[in-house]
Amino acid sequence: MSSFWENELVRTAANFSVVVLCMILFLAIFELVTKYHNMEEIKKGNIAVAFATGGKILGIANIFRYSILDHDTLFTMIGWGALGFVLLLFAYFIFEFLTPSFNIDDEISKDNRAVGLISFVISVGLSFIIGASIG
(Lines give C-alpha, C1' and ligand atoms only; values in the text may rest on other atoms or scores of the structure.)
Protein backbone atom coordinates (compact mmCIF):
# COMPACT_ATOMS: atom_id res chain seq x y z
CA MET A 1 0.00 0.00 0.00
CA SER A 2 2.89 2.36 0.63
CA SER A 3 3.84 2.22 -3.06
CA PHE A 4 0.41 3.70 -3.88
CA TRP A 5 1.21 6.87 -1.89
CA GLU A 6 4.70 7.01 -3.36
CA ASN A 7 3.31 7.28 -6.89
CA GLU A 8 4.00 10.82 -8.14
CA LEU A 9 0.57 11.17 -9.76
CA VAL A 10 -1.18 10.14 -6.54
CA ARG A 11 0.92 12.56 -4.47
CA THR A 12 0.25 15.37 -6.94
CA ALA A 13 -3.50 14.72 -6.92
CA ALA A 14 -3.52 14.51 -3.12
CA ASN A 15 -1.53 17.73 -2.70
CA PHE A 16 -3.68 19.56 -5.23
CA SER A 17 -6.96 18.39 -3.70
CA VAL A 18 -5.95 19.16 -0.14
CA VAL A 19 -4.58 22.60 -0.98
CA VAL A 20 -7.72 23.55 -2.91
CA LEU A 21 -9.87 22.52 0.06
CA CYS A 22 -7.60 24.40 2.47
CA MET A 23 -7.70 27.45 0.25
CA ILE A 24 -11.52 27.42 0.22
CA LEU A 25 -11.55 27.08 4.02
CA PHE A 26 -8.95 29.81 4.54
CA LEU A 27 -10.70 32.21 2.14
CA ALA A 28 -13.92 31.60 4.07
CA ILE A 29 -12.08 32.55 7.25
CA PHE A 30 -10.79 35.72 5.61
CA GLU A 31 -14.39 36.42 4.54
CA LEU A 32 -15.46 36.21 8.18
CA VAL A 33 -12.82 38.67 9.42
CA THR A 34 -13.37 41.33 6.74
CA LYS A 35 -16.30 43.73 6.76
CA TYR A 36 -17.02 43.30 3.06
CA HIS A 37 -18.19 40.27 1.08
CA ASN A 38 -15.48 39.36 -1.42
CA MET A 39 -17.48 37.81 -4.23
CA GLU A 40 -20.31 40.35 -4.05
CA GLU A 41 -17.84 43.23 -4.26
CA ILE A 42 -15.87 41.60 -7.07
CA LYS A 43 -19.12 41.00 -8.95
CA LYS A 44 -19.84 44.73 -8.62
CA GLY A 45 -16.44 45.49 -10.14
CA ASN A 46 -14.62 46.53 -6.96
CA ILE A 47 -10.98 46.39 -8.10
CA ALA A 48 -9.61 47.02 -4.58
CA VAL A 49 -11.38 43.92 -3.27
CA ALA A 50 -10.11 41.94 -6.27
CA PHE A 51 -6.54 43.05 -5.47
CA ALA A 52 -6.88 42.18 -1.79
CA THR A 53 -8.54 38.82 -2.46
CA GLY A 54 -6.05 37.98 -5.20
CA GLY A 55 -3.21 38.71 -2.79
CA LYS A 56 -4.72 36.41 -0.22
CA ILE A 57 -5.14 33.62 -2.79
CA LEU A 58 -1.61 34.03 -4.08
CA GLY A 59 -0.25 34.29 -0.55
CA ILE A 60 -1.97 31.10 0.61
CA ALA A 61 -0.86 29.26 -2.54
CA ASN A 62 2.72 30.42 -2.06
CA ILE A 63 2.77 29.29 1.56
CA PHE A 64 1.52 25.86 0.53
CA ARG A 65 4.12 25.76 -2.24
CA TYR A 66 6.83 25.96 0.40
CA SER A 67 5.02 23.49 2.61
CA ILE A 68 4.72 20.93 -0.20
CA LEU A 69 8.37 21.30 -1.15
CA ASP A 70 9.71 20.93 2.38
CA HIS A 71 7.49 18.29 4.00
CA ASP A 72 7.12 14.64 3.12
CA THR A 73 3.71 13.68 4.43
CA LEU A 74 0.33 15.11 3.56
CA PHE A 75 -0.54 15.77 7.20
CA THR A 76 2.73 17.57 7.87
CA MET A 77 2.21 19.68 4.76
CA ILE A 78 -1.31 20.59 5.91
CA GLY A 79 -0.11 21.44 9.42
CA TRP A 80 2.69 23.74 8.29
CA GLY A 81 0.46 25.28 5.62
CA ALA A 82 -2.21 25.97 8.24
CA LEU A 83 0.39 27.56 10.53
CA GLY A 84 1.51 29.69 7.59
CA PHE A 85 -2.09 30.77 7.03
CA VAL A 86 -2.45 31.74 10.70
CA LEU A 87 0.68 33.88 10.34
CA LEU A 88 -0.73 35.49 7.19
CA LEU A 89 -3.99 36.19 9.02
CA PHE A 90 -2.01 37.68 11.90
CA ALA A 91 -0.19 39.91 9.39
CA TYR A 92 -3.59 41.13 8.14
CA PHE A 93 -4.49 42.23 11.67
CA ILE A 94 -1.10 43.92 12.09
CA PHE A 95 -1.67 45.81 8.83
CA GLU A 96 -5.03 46.99 10.16
CA PHE A 97 -3.45 47.98 13.49
CA LEU A 98 -0.59 49.92 11.85
CA THR A 99 -2.99 52.16 9.94
CA PRO A 100 -4.93 53.90 12.71
CA SER A 101 -5.75 56.94 10.55
CA PHE A 102 -8.10 54.87 8.37
CA ASN A 103 -9.81 51.50 8.35
CA ILE A 104 -8.38 49.06 5.79
CA ASP A 105 -11.66 47.16 5.28
CA ASP A 106 -13.66 50.37 4.83
CA GLU A 107 -11.20 51.72 2.28
CA ILE A 108 -11.11 48.46 0.32
CA SER A 109 -14.91 48.24 0.32
CA LYS A 110 -15.00 51.82 -1.06
CA ASP A 111 -12.79 50.61 -3.95
CA ASN A 112 -9.69 52.47 -2.76
CA ARG A 113 -7.35 50.76 -5.22
CA ALA A 114 -4.20 52.04 -3.55
CA VAL A 115 -5.16 50.27 -0.32
CA GLY A 116 -6.23 47.16 -2.25
CA LEU A 117 -2.91 47.07 -4.08
CA ILE A 118 -0.82 47.52 -0.95
CA SER A 119 -2.89 44.77 0.69
CA PHE A 120 -2.05 42.53 -2.28
CA VAL A 121 1.66 43.31 -2.00
CA ILE A 122 1.72 42.75 1.76
CA SER A 123 -0.04 39.36 1.46
CA VAL A 124 2.22 38.14 -1.32
CA GLY A 125 5.41 39.61 0.11
CA LEU A 126 4.87 38.18 3.56
CA SER A 127 3.91 34.81 2.10
CA PHE A 128 7.51 34.48 0.87
CA ILE A 129 8.84 35.18 4.36
CA ILE A 130 6.29 32.88 5.99
CA GLY A 131 6.93 30.15 3.42
CA ALA A 132 10.69 30.28 3.88
CA SER A 133 10.18 30.18 7.66
CA ILE A 134 7.98 27.08 7.66
CA GLY A 135 10.28 25.18 5.31
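Small disclaimer: the values here were computed from a predicted structure and weren't measured.
Annotation: side chain to side chain donor-acceptor pair (under 3.5 Å) contacts involving residues 13-32, sequence neighbours excluded, comprise E31-H37, E31-N38. Residue pairs meeting the salt bridge (charged side-chain N to carboxylate O under 4.0 Å, His left out) criterion with at least one member in residues 41-51, sequence neighbours excluded, are E41-K44.
To the nearest 0.5 angstrom, S127 atom OG is 12.0 Å from I122 atom CD1. Interatomic distance, CZ of F51 versus CG of L117, reported as 5.0 Å (0.5 Å rounding). In this structure, CG on L126 lies 10.5 Å from CZ on F95, to the nearest 0.5 angstrom. Taken from CG in D105 to OG1 in T34, the straight-line distance is 5.5 Å, to the nearest 0.5 Å. With rounding to the nearest 0.5 angstrom, the CG atom of N103 is 11.5 Å from the CG atom of N112.
In the hydrophobic cluster analysis, where Ile, Leu, Val, Met, Phe, Trp and Tyr join through side-chain heavy atoms closer than 4.5 angstrom, L21 is grouped apart from V10. The hydrophobic clustering, which links ILVMFWY residues whose side-chain heavy atoms are closer than 4.5 Å, places L83 and M23 together. Cluster annotation: L74 and I134 are assigned to the same hydrophobic cluster (Ile/Leu/Val/Met/Phe/Trp/Tyr, side-chain heavy-atom contacts under 4.5 Å, transitive). I108 and M39 end up in the same hydrophobic cluster when Ile, Leu, Val, Met, Phe, Trp and Tyr side chains are linked at under 4.5 Å. There is a path of hydrophobic side-chain contacts, each under 4.5 Å, that joins L25 to L27.
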Would I130 and Y66 count as a side chain to side chain contact (heavy atoms under 4.5 Å, CB included) if you check the C-alpha gap in whole Å, the side-chain angles of each, and the deciding distance to 0.1 Å? CA-CA 9 Å; I130 293 167; Y66 281 96; over 6 Å; no
Starting from the C-alpha separation in whole Å, work towards a yes-or-no answer on side chain to side chain contact (heavy atoms under 4.5 Å, CB included) for I29 and L89. CA-CA 9 Å; I29 292 169; L89 185 63; 4.2 Å; yes
Side chain to side chain contact (heavy atoms under 4.5 Å, CB included) between V124 and F128, worked out: CA-CA 7 Å; V124 173; F128 281 98; 3.8 Å; yes
Working note: V18 + I78, criterion side chain to side chain contact (heavy atoms under 4.5 Å, CB included); need CA distance, chi angles, decisive distance, verdict. CA-CA 8 Å; V18 166; I78 294 168; 3.3 Å; yes
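With S123 contributing its side chain and F120 its backbone, the two residues share no donor-acceptor pair below 3.5 Å. Checking side-chain atoms of D111 against main-chain N and O of N46 turns up no donor-acceptor pair under 3.5 Å. Checking side-chain atoms of S119 against main-chain N and O of V115 turns up no donor-acceptor pair under 3.5 Å.
By the 30° and 60° cut-offs, the orientation of the rings of F64 relative to F26 is parallel. The aromatic rings of H71 and W80 sit parallel, their planes meeting at an angle under 30°, below the 60° perpendicular limit.
Remark: K56 is positioned above the aromatic ring of Y92, its terminal NZ or CZ atom under 6.0 angstrom from the ring centre and at most 45 degrees off the axis.
Under the rule for a side chain to side chain donor-acceptor pair (under 3.5 Å), the partners of T76 that lie at least two apart in sequence or sit in another chain are T73. Applying the side chain to side chain donor-acceptor pair (under 3.5 Å) test to S67 and every residue at least two apart in sequence or in another chain returns nothing.
Contact of the D106 side chain with the Y36 side chain is not registered, since no non-hydrogen atoms from C-beta on lie closer than 4.5 Å. Using a 4.5 Å heavy-atom cutoff, the side chains of M77 and V19 are in contact.
Annotation: F30 is in aromatic contact with F85 [ring centroid separation under 6.0 Å].
More than 12 heavy-atom neighbours from other residues, nucleotides or ligands sit within 6.0 angstrom of CZ on F102.
Side-chain contacts under 4.5 Å among hydrophobic residues (ILVMFWY), followed directly or transitively, place L32 with no other residue at all. Summarising the hydrophobic clusters (Ile, Leu, Val, Met, Phe, Trp, Tyr; side-chain heavy atoms under 4.5 Å, direct or chained), the residues clustered with V20 are F16, I24.
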